[in-house]
K.L.:
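I have a structure here, written as structure tokens, and I will follow up with some questions on it.
Values below: every heavy atom of this structure, side chains too, minus hydrogens, waters and symmetry copies.
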Amino acid sequence: MEMTNILDEFRWRELLQDSTEGLEEFLAREKVTAYIGFDPTAKSLHVGSLVPILGLARLQRAGHSPIAIAGGGTGMIGDPSGRTLERKLLTLEEIEANLDGIQKQLERFLDFKVQSNPARVVNNADWLATISLMEFMRDIGKHFTVNAMIAKESVRRRLESEDGISVTEFSYLLLQAYDYLMLYDRYDCRLQMGGSDQWGNITAGIDLIRRLRGGRAYGLVFPLVMSKTGAKFGKSEAGTVWLDPEMTSPYRFYQYWLNTDDKDVVTFLKYFTWRSKEEIAALEESVKSSPEKREAQHRLADDVTAMLHGETELAKAHRASQVLFGGEMTGLGAREVADIFADVPSSTIPAAQFDGGMPVVDLFATSGIATSKGDARRSIEGGGMYLNNVRIADAQQLVSRNDAIEGQFLVLRKGRKQYHLVRVV
């Protein structure tokens, strides 16, 4: 695999927040092994994790070797960085289940089969769960002063809060530094990367390697992703945007990126896609010259959705998006319909009422999308009423359970844009 200057790549993508002295020369000199840690506090990573994940992927494409630490050990403690409250402690079973889900997601971005520089997933419980407290305090703890630990921003912020910080989370910095030492010993790993809130933890590991091994290690941090509109990145009206399709459907995931503000879209194209400098410059120009076309947002949503969920799910997301504009609904399942029409008015009708067929005018009137049977009949005669986006031509038509999508939903439309979702129960 041909090596490229990865720092230049990070710079033009505005991903290089800070790095330790000498890193550029080190990367130019040799092929390196680098790692990033991922916290298994949920069974899925979220979109905020895409910057570090793609950081490892870009590093691998540049010819270097990536390691993703799935923090089975540190996950039992929790990183206080960027947090104002103590994390809920997880059971071993919860952590194991979360680690499984996270590894599957990492496989969408990292190449674990390439011969020259395969990616690895390593669980730090392999060494953190086997070292005794006395060993750890004697061999590792003595190299850290409380003064230096208190000076770390993540700790200082918590000390100033009303709730303070527990000894459990206060010790996190030592555990992460020990991770770096173990990876240095086992894999000759000499670069740790992460979000800018990890700078203190990363430099602590670099210092530990210098003290105990006399070796030189390096650090690099990415900026924390912030929306210029003031909205918290990775949050939608439905909550956190997850990488797991069971937690955030591909359609909802696609819509999240499609709704990116013009102020953020060029930055997000740099952060979250593989598009070249020239391609992004052209899309930036389209934002200025034809913002109403939202071409940059469409390319962003396409790229990120296909990268995570694949082309088939992207095609489904496209089709689902067209449904709101009267597109055909054939082939859509109940879950997709529930996603698409989550924000439209809805009502519930018992399934038994469709036995023998319910007159379509009764359905429109009962649901409330028509003000009365007469209104429904007149709208049908005017060609303005639809069932599952198919125009109703006959006011005498009967609706049965078989018309419901997977027996659960009927989508009613009046005119071009007035939708109503009927749940058949």
K.L.:
Run the side chain to side chain donor-acceptor pair (under 3.5 Å) test on Asp339 and Ser249 for me, step by step, so that the C-alpha distance in whole Å, both residues' side-chain angles and the decisive distance to 0.1 Å come before the verdict.
P.N.:
CA-CA 8 Å; Asp339 264 344; Ser249 71; 2.4 Å; yes
K.L.:
Do Arg190 and Glu30 sit within salt-bridge range, that is, some charged N less than 4.0 Å from a carboxylate O?
P.N.:
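So Arg190 pairs with Glu30 through a salt bridge.
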K.L.:
On a heavy-atom basis, which atom in Phe170 and which in Met149 lie closest, and how many Å separate them?
P.N.:
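The answer is O-CE, 3.3 Å.
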K.L.:
Look only at the side chain of Glu336 and the backbone of Gly333, and say whether a donor-acceptor pair between them is shorter than 3.5 Å.
P.N.:
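The answer is yes, because a donor-acceptor pair under 3.5 Å joins these two groups.
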K.L.:
Determine whether His309 and Pro245 make a side-chain contact, defined as any pair of heavy atoms from C-beta on separated by less than 4.5 Å.
P.N.:
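The answer is yes, as the side chains (C-beta and beyond) meet within the 4.5 Å cut-off.
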K.L.:
Has the side chain of Asp244 got a donor or acceptor atom that lies under 3.5 Å from a matching backbone atom of Ser44?
P.N.:
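Judged by distance alone, no pair lies under 3.5 Å.
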K.L.:
Which heavy atom of Pro250 sits nearest to which heavy atom of Ala317, and what is that distance?
P.N.:
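So the minimum-distance heavy-atom pair works out to O-CB, 4.3 Å.
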K.L.:
Starting at CD of Gln353, measure out to CE of Met358 and round the result to the nearest 0.5 Å.
P.N.:
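Between Gln353 CD and Met358 CE, I get 4.5 Å after rounding to 0.5 Å.
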K.L.:
Taking side chain as C-beta onward, heavy atoms only, is Leu412 less than 4.5 Å from Tyr419?
P.N.:
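Contact flag for Leu412/Tyr419 side chains = no.
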K.L.:
Could you check whether any side-chain N or O of Ser290 sits under 3.5 Å from a backbone N or O of Ser286, counting only pairs where one atom can act as donor and the other as acceptor?
P.N.:
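Not at all, since once roles are kept as given, no pair shorter than 3.5 Å links the two residues.
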K.L.:
Looking at Trp257, I'd like to know if the NZ or CZ of Arg299 sits under 6.0 Å from its six-membered ring centre while staying within 45 degrees of the ring's axis.
P.N.:
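No, Arg299 does not sit over the ring of Trp257.
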K.L.:
Cation-pi between Arg252 and Trp242: NZ/CZ under 6.0 Å from ring centre and within 45° of the ring axis?
P.N.:
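No - Arg252 does not lie over the ring of Trp242 by the 6.0 Å and 45° rule.
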K.L.:
Where do Glu24 and Asn5 come nearest, in terms of heavy atoms and distance?
P.N.:
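Closest heavy-atom pair between Glu24 and Asn5: OE2-ND2, 3.9 Å.
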K.L.:
Any ion pair linking Lys316 and Glu313 (charged N to carboxylate O, less than 4.0 Å)?
P.N.:
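Yes, charged N to carboxylate O under 4.0 Å.
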K.L.:
Is the side chain of Ser49 donor-acceptor paired with the backbone N or O of Leu45 at a distance under 3.5 Å, no angle test?
P.N.:
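Absent.
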K.L.:
Could you state the interatomic distance from CD1 (Ile209) to CG (Asp185), rounded to the nearest 0.5 Å?
P.N.:
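Nearest 0.5 Å value for the CD1-CG distance: 8.0 Å.
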K.L.:
Assign the ring pair Phe272 / Phe233 to parallel, tilted or perpendicular, where the plane angle (0 to 90°) is split at 30° and 60°.
P.N.:
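Aromatic pair Phe272/Phe233 classed parallel.
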K.L.:
More than 12 non-hydrogen atoms from neighbouring residues, nucleotides or ligands closer than 6.0 Å to CZ on Arg29, yes or no?
P.N.:
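More than 12 within 6.0 Å, yes.
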K.L.:
Output yes when a side-chain donor or acceptor of Thr33 lies under 3.5 Å from a complementary backbone atom of Cys189, and no otherwise.
P.N.:
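Not at all, since once roles are kept as given, no pair shorter than 3.5 Å links the two residues.
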K.L.:
If you compare all heavy atoms of Tyr271 against all heavy atoms of Leu54, which two are closest, and at what distance to 0.1 Å?
P.N.:
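For Tyr271 versus Leu54, the nearest heavy atoms are O-CD1, 3.7 Å.
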K.L.:
Between the main-chain N or O of Lys31 and the side-chain N or O of His64, is there a donor-acceptor pair closer than 3.5 Å?
P.N.:
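No, His64 side chain to Lys31 backbone: no donor-acceptor pair under 3.5 Å.
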K.L.:
Is it the case that atom CD in Glu292 sees more than 12 heavy atoms from other parts of the structure closer than 6.0 Å?
P.N.:
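Correct, the count exceeds 12.
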K.L.:
Could you check Asp264, Asp262, Asp302 and say which one makes a side-chain hydrogen bond (donor to acceptor under 3.5 Å, both in side chains) with Gln297?
P.N.:
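Answer to the side-chain hydrogen bond (donor to acceptor under 3.5 Å, both in side chains) test with Gln297 among Asp264, Asp262, Asp302: Asp262.
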K.L.:
Can a salt bridge be assigned to the pair Arg61 and Asp111 using a cut-off of 4.0 Å between side-chain N and carboxylate O?
P.N.:
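Here Arg61 does not pair with Asp111 in a salt bridge, since their nearest N and O are not under 4.0 Å apart.
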K.L.:
What distance do Leu183 atom CG and Arg120 atom CZ have between them, rounded to the nearest 0.5 Å?
P.N.:
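Between atom CG of Leu183 and atom CZ of Arg120 there are 10.0 Å.
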K.L.:
Would you confirm whether Ser400, through its side chain, and Gly357, through its main-chain N or O, come within 3.5 Å as a donor-acceptor pair?
P.N.:
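Checked: no pair found.
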K.L.:
Minimum heavy-atom separation for Arg13 and Lys270, please, with both atom names.
P.N.:
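Heavy-atom minimum between the residues: NH1-O, 2.8 Å.
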K.L.:
How long is the straight-line distance from CG of Leu324 back to CD1 of Ile340, given to the nearest 0.5 Å?
P.N.:
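Spacing of CD1 (Ile340) from CG (Leu324) equals 6.5 Å.
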K.L.:
Using a 6.0 Å cut-off, check whether atom NZ of Lys373 has over 12 heavy atoms from anything other than its own residue.
P.N.:
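No, the 6.0 Å shell around NZ holds no more than 12 heavy atoms from other groups.
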K.L.:
Determine whether Ile369 and Met385 make a side-chain contact, defined as any pair of heavy atoms from C-beta on separated by less than 4.5 Å.
P.N.:
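Contact flag for Ile369/Met385 side chains = yes.
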K.L.:
Establish, yes or no, whether a centroid distance under 6.0 Å links the rings of Phe10 and Phe222.
P.N.:
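Yes: the rings meet the under 6.0 Å criterion.
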K.L.:
Is there side-chain contact between Phe253 and Val47, with heavy atoms separated by less than 4.5 Å?
P.N.:
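Yes; the side chains approach each other to less than 4.5 Å.
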K.L.:
Can you name the closest pair of heavy atoms from Arg275 and Glu279 and give their distance?
P.N.:
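Scanning both residues, the minimum pair turns out to be CA-OE1, 3.4 Å.
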K.L.:
Please name the residue in the list Arg391, Gln418, Lys414 that meets the side-chain hydrogen bond (donor to acceptor under 3.5 Å, both in side chains) test with Tyr386.
P.N.:
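Only match with Tyr386 under side-chain hydrogen bond (donor to acceptor under 3.5 Å, both in side chains): Arg391.
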K.L.:
Do the non-hydrogen side-chain atoms of Glu246 and Arg335 ever get within less than 4.5 Å of each other?
P.N.:
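Side-chain contact under 4.5 Å: yes.
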K.L.:
Find the distance between CG (Leu410) and CG (Leu421) and round it off to the nearest 0.5 Å.
P.N.:
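These two atoms lie 8.5 Å from each other.
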K.L.:
Check for a donor-acceptor pair, side chain of Asn259 on one end and backbone N or O of Gln255 on the other, with a separation under 3.5 Å.
P.N.:
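At least one qualifying donor-acceptor pair exists.
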K.L.:
Go through the side-chain N and O atoms of Gln192 and Tyr180 and say whether any donor and acceptor fall under 3.5 Å apart.
P.N.:
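No.
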K.L.:
Is it the case that the ring center of Phe341 lies less than 6.0 angstrom away from the ring center of His420?
P.N.:
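Ring-ring flag for His420/Phe341: false, centres at least 6.0 Å apart.
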K.L.:
Please step through side chain to side chain donor-acceptor pair (under 3.5 Å) for the pair Ser65 and Gln60, ending with a clear verdict.
P.N.:
CA-CA 6 Å; Ser65 301; Gln60 185 176 33; over 6 Å; no
K.L.:
Strictly below 4.0 Å, N to O, side chains only: are Glu381 and Arg377 in salt-bridge contact?
P.N.:
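Looking at Arg377 together with Glu381, the answer is no, because their closest N to O distance does not fall below 4.0 Å.
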K.L.:
Could you go step by step and tell me if Gln176 and Asp179 meet the side chain to side chain donor-acceptor pair (under 3.5 Å) rule?
P.N.:
CA-CA 5 Å; Gln176 188 166 322; Asp179 283 348; over 6 Å; no
K.L.:
Are the side chains of Asp18 and Trp199 in touch, meaning some heavy atoms are under 4.5 Å apart?
P.N.:
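Sidechains of Trp199 and Asp18: in contact.
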K.L.:
Any side-chain heavy atom of Phe112 within less than 4.5 Å of one from Val121?
P.N.:
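Yes, side chains in contact.
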K.L.:
Is there a donor-acceptor pair closer than 3.5 Å between any side-chain N or O of Asp303 and the backbone N or O of Trp274?
P.N.:
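No: the side chain of Asp303 does not pair with the backbone of Trp274.
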K.L.:
Taking the side chain as every heavy atom from C-beta outward, state whether Ile280 and Trp12 have any atom pair closer than 4.5 Å.
P.N.:
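Side chain of Ile280 against side chain of Trp12, heavy atoms only: contact under 4.5 Å found.
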K.L.:
Measuring from atom CG of Asp394 to atom CD1 of Ile380, what distance do you get when rounded to the nearest 0.5 angstrom?
P.N.:
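So the CG of Asp394 and the CD1 of Ile380 are separated by 8.0 Å.
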